[in-house]
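Quick notes on the structure that follows.
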There are 2 protein chains.
Amino acid sequence: MAPKLRLRLTFDNGLILGPGKADLLQGIAEEGSISAAGRRMKMSYKRAWMLVEDMNAAFVSPLVESSRGGQKGGGASLTDAGEAVLAEFRSLEAMVLERGAPQIATLSAMLSDIPAQK
Amino acid sequence: MAPKLRLRLTFDNGLILGPGKADLLQGIAEEGSISAAGRRMKMSYKRAWMLVEDMNAAFVSPLVESSRGGQKGGGASLTDAGEAVLAEFRSLEAMVLERGAPQIATLSAMLSDIPAQK
DNA sequence: GATCGTTATGTTTGACAAAACATATCACTG
DNA sequence: CAGTGATATGTTTTGTCAAACATAACGATC
């Protein structure tokens with residue numbers, strides 16, 4: 001019933017931070033692997049890895065650290081910076097849903113419930 | 001210096017309301033014409049018109065009313081519903097910038113100022 | 001009734017993003 | 001030292017969205 005919110009920040013250095021990268025960070029934190037996180041959100045490993053690369057390059061300190069080889073083949077996890085970025089972004093989203101409820105409700109009330117067929 | 005914010009709402013009926021449609025509504029209000037609004041934001045008339053069609057179809061009451069012919073060829077303007085939708089969306093954006101300042105500042109401070117070349 | 005700028009659509013083309021496919025590398029373990 | 005599963009990249013193909021192009025209709029005014 002509630003509309004979905006998508007919040008996207010375009011920073012001066014070119015980084016675009018939105019739901020996709022945030023979800024990916026969260027997936028890596030929970031799965032311990034870039035490829036597992038990618039699989040979970042039905043994203044190719046290559047794409048997931050490119051997003052990680054983008055983020056790591058855009059911050060002074062990388063958000064994801066990864067290792068290759070070993071008995072499990074390797075893995076990845078969030079650095080402190082990564083955890084912080086994720087937390088701030090989620091905090092922003094939550095704040096908007098909370099404090100933006102009136103506007104969102106007003107807009108929702110004006111909508112037709114008939115989905116526009118393409 | 002300040003990052004750009006893009007807020008997008010995906011409603012249950014399929015409508016996606018973001019900066020593009022909001023700017024277009026504002027342009028129509030200020031220019032009195034879909035094509036003039038489109039020109040102003042360097043968007044083809046066709047695209048502008050399609051966005052208007054999307055919005056009009058998604059709400060119980062159309063947001064833009066238009067007329068054809070006449071000495072000036074025609075024109076378009078926002079209905080009360082259109083004005084209301086635009087106002088609510090702008091209000092949401094302003095609120096996020098205001099109350100999200102802390103999070104945005106934290107994220108900005110962590111960024112590298114070196115733009116990642118493609 | 002010719003002119004004008006706009007609304008209203010359809011069709012084709014092109015650009016770019018995402019997917020698909022294909023390897024190479026790594027390091028731990030048995 | 002062979003096997004394993006993940007990281008790390010390059011290349012090719014596909015799909016989708018936007019731009020470009022092309023017309024028709026409209027109606028007040030002169």
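Quick note on labels: first sequence line is chain A, next is B, and so on, each numbered from 1.
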query: Taking only N and O in the side chain of Ser66(A), is any of them less than 4.0 Å away from OP1 or OP2 of dA8(D)?
result: yes
statement: To the nearest 0.5 Å, atom CE of Met55(B) lies from atom CG of Leu51(B) at 6.0 Å
task: Measure from CE on Met50(B) to P on dG10(C) and round the result to the nearest Å.
output: 11 Å
- request: Report yes or no: do Ile16(B) and Trp49(B) belong to one cluster of Ile/Leu/Val/Met/Phe/Trp/Tyr joined by side chain heavy-atom distances under 4.5 Å?
  value: no
query: Between Asp54(A) (CG) and dA17(C) (C1'), how many Å, whole number?
result: 13 Å
field: NZ/NE/NH1/NH2 to OD/OE distance under 4.0 Å, Arg39(B) and Glu31(B)
entry: no
- request: Kindly check if the number of other-residue, nucleotide or ligand heavy atoms within 6.0 Å of CZ (Arg40(B)) is above 12?
  value: yes
Single-linkage hydrophobic cluster Val96(A)~Leu97(B), side-chain heavy atoms < 4.5 angstrom: yes
task: Send over the distance from Ile16(B) CD1 to dA18(D) P, rounded to a whole Å.
output: 10 Å
message: I need the CG-P distance between Leu51(B) and dC17(D), as an integer number of Å.
response: 13 Å
- prompt: Cluster question for you: counting only ILVMFWY and a side-chain heavy-atom cut-off of under 4.5 Å, with indirect links fine, are Met41(B) and Met50(B) together?
  reply: yes
- request: Could you check which residues of residues 68-82 of chain B get a heavy atom under 4.0 Å from DNA chain D? Sort them by number, please.
  value: Arg68(B), Gly69(B), Gly70(B), Gln71(B)
query: Rounded to whole angstrom units, what separation is found between the CD atom of Glu65(B) and the C1' atom of dC26(D)?
result: 17 Å
query: Closer than 4.0 Å, any side-chain N/O of Trp49(A) to the OP1 or OP2 of dA8(D)?
result: yes
- prompt: To the nearest angstrom, how far is Lys46(A) atom NZ from dA6(D) atom C1'?
  reply: 16 Å
- request: Give, for atom CD of Gln26(A) and atom CD of Glu83(A), the distance between the pair rounded to the nearest 0.5 Å.
  value: 10.0 Å
task: Could you tell me the separation between the OH atom of Tyr45(B) and the P atom of dG10(C), rounded to a whole number of Å?
output: 13 Å
- request: Strictly below 4.0 Å, heavy-atom distances to any atom of DNA chain C: list the hits from residues 30-40 of chain B, or just say none.
  value: Ser33(B), Ile34(B), Ser35(B), Arg39(B)
- line: Between Phe89(A) and Ala22(A) the two heavy atoms that sit nearest each other are CD2-CB, 3.5 Å
task: Would you kindly give the CE-to-P distance between Met43(B) and dA20(D), to the nearest whole Å?
output: 13 Å
- line: When Leu86(B), Ile28(B), Asn56(B), Val52(B) are each screened for side chain to side chain contact (heavy atoms under 4.5 Å, CB included) with Leu63(B), the one that passes is Asn56(B)
